[in-house]
Amino acid sequence: MLSNTQLVHADRLLNQPQFGAVHESTNNSVLFEFADVADLEAVFQGKQAGHVYSRSSSGSAVALQNMLNALEGGVGSVTFATGMAAISALMFSLLKAGDHIVVSRYLFGNTRSFMQTLQNFAIDVSFVDVTDVKAVETSLKPETKLVFCESIANPVTQVSDLEHIASLCHSRSILFVIDNTMTPAPMLDAKALGASMVMTSLTKYIAGHGSVLGGALTDLGNFNWAAFANIDDKYKVQDTRQWGLTQIRKRGLRDMGATLAPAACHQIAIGMETLNMRLKQTCDNALIVARHLLSLPQVKKVYYPGLAEHPQHARAKHLFNHQFGGILSFELHETLDMRDFLNALKLIISATHLGDTRTLALPVATTIFHENGASQRAAMGIGDKLIRMSIGIEAFEDIVKDIDQALASL
Ligand SMILES: *Cc1c(COP(=O)(O)O)cnc(C)c1O
């Protein structure tokens, strides 16, 4: 958790850039020169800190990783070119054929699709209702290595039973990874909860402005890697808390190669300085918009964890520090055409993406979840006419006014 003060000074204080700069420099050099070859060899062998080739590490990447790690209070972060690259690097560097993993039944569409790819590599994947720890418990097998879920699922906003899943996984020495893209710290304190790692799409709230892609994995220091069977002996070098990230850096970043470029690191770090302010305004706006939608006769159903009607409202309040995120979904009455409504919006942009400064809306069944097919959508609770909104930081009056004028035009 970082306060506003800590966030705006994090780059300067954590990274101590040269020449009194307040930002770590963006250095595009791919290679690094060593006056003494012995130092080059020592860095290669992990015996000395430094950079040898920017696919594996660079000053810009380390600076951002330091900030992300401080944000979550972890023992280290690794950055990737996108959120999906972080997820695939996590799975491919830590799992082996024959392993079993438990993942949420309500995953983000592309993550869900990736999990199906993983099954082609002889990884056994169970898709489970993670709003209930009992469902997770009954799905565990002796081969279960990892449980993966989102804090708040997108688009129907189911809130995972994070606290109980964390203690279950802890008692069984199973790695528990939370995709906290919807609820970065300070909304969710994943470390205090006992989760092993967080995976974050930096593209969303962390960077915040719809202008850069990125992803990260942060180890929260709660997991005992000595109890994880898949760590290769050659990566058991530093203290046990670093074993997982060491293997992920070597296999998932160096060998798989989806590196975050220095310029992107810099842009994400700039966005992150205003994270708390943007997130607060977003959450405040979203609650107002959700309550407004609920009050309208043209609206049939609203999904938002901040509403008392939401099945996991109490849990969300407890887990997310009395904030409820920027994503809400709703359905209009059958007589109203969802496309006409979306086309009539003037301020709100019809676009995929979320966690932006601008408010966005889109139909989900025919876009993000189109490929999943009708039966998977039904199991995920996604209706054909569902509209998802990602609330931005505009004045809430303007968002409400735009919704009202679009409905009035129907
Ligand atoms: C967007 C998103 C991702 C993927 O992140 P990218 O940076 O777009 O690759 C993963 N999980 C969730 C919950 C997301 O919203």
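Whatever order the structure lists ligands and atoms in, that order sets their numbers, starting from 1. Just so we're clear, the structure is a prediction, and the values are computed from it rather than from any experiment.
Between Lys250 and Asp232 no salt bridge is recorded (no basic side-chain N to carboxylate O distance below 4.0 Å). Taking a cutoff of 4.0 Å between a charged side-chain nitrogen and a carboxylate oxygen, Asp233 and Lys236 qualify as a salt bridge.
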query: When you look at Arg315 and Thr131, which way does the side-chain contact (heavy atoms from CB on, under 4.5 Å) test go after all the steps?
result: CA-CA 10 Å; Arg315 177 185 293 163; Thr131 63; 4.0 Å; yes
task: Could you walk me through whether Ser126 and His100 pass side-chain contact (heavy atoms from CB on, under 4.5 Å), step by step?
output: CA-CA 8 Å; Ser126 298; His100 172 247; 2.7 Å; yes
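Considering both main-chain and side-chain atoms, Met84 comes within under 3.5 Å of ligand 1 through a nitrogen or oxygen pair. Annotation: Gly83 places an N or O atom under 3.5 Å from an N or O atom of ligand 1; distance criterion only.
Among all non-hydrogen protein atoms, the one lying nearest atom 5 (O) of ligand 1 is Ser201 OG, 3.0 Å. Protein heavy atom at the shortest distance from atom 12 (C) of ligand 1 is Asp179 OD2, 3.4 Å. Counting protein heavy atoms only, atom 3 (C) of ligand 1 is closest to Phe108 CE2, 3.4 Å. Protein heavy atom closest to atom 2 (C) of ligand 1, with residue, atom name and distance, is Lys204 NZ, 2.5 Å. The single protein non-hydrogen atom nearest to atom 7 (O) of ligand 1 is Thr203 OG1, 2.7 Å, given as residue, atom name and distance.
Taking the side chain as every heavy atom from C-beta outward, Gln376 and Gln116 approach each other to under 4.5 Å.
Residue contact annotation: Ala86 has no non-hydrogen atom under 4.0 Å from ligand 1.
The Gly214 neighbourhood of ligand 1 comprises atoms 7 (O), with distances under 4.0 Å to a heavy atom of that residue. Interface of Thr82 with ligand 1, defined as ligand atoms under 4.0 Å from a residue heavy atom, comprises 7 (O), 9 (O).
Side chains of Ser93 and Gln247: a donor-acceptor N/O pair is absent below 3.5 angstrom, by distance only. Between the side chains of Thr359 and Glu394, a donor-acceptor pair is found at a separation under 3.5 Å.
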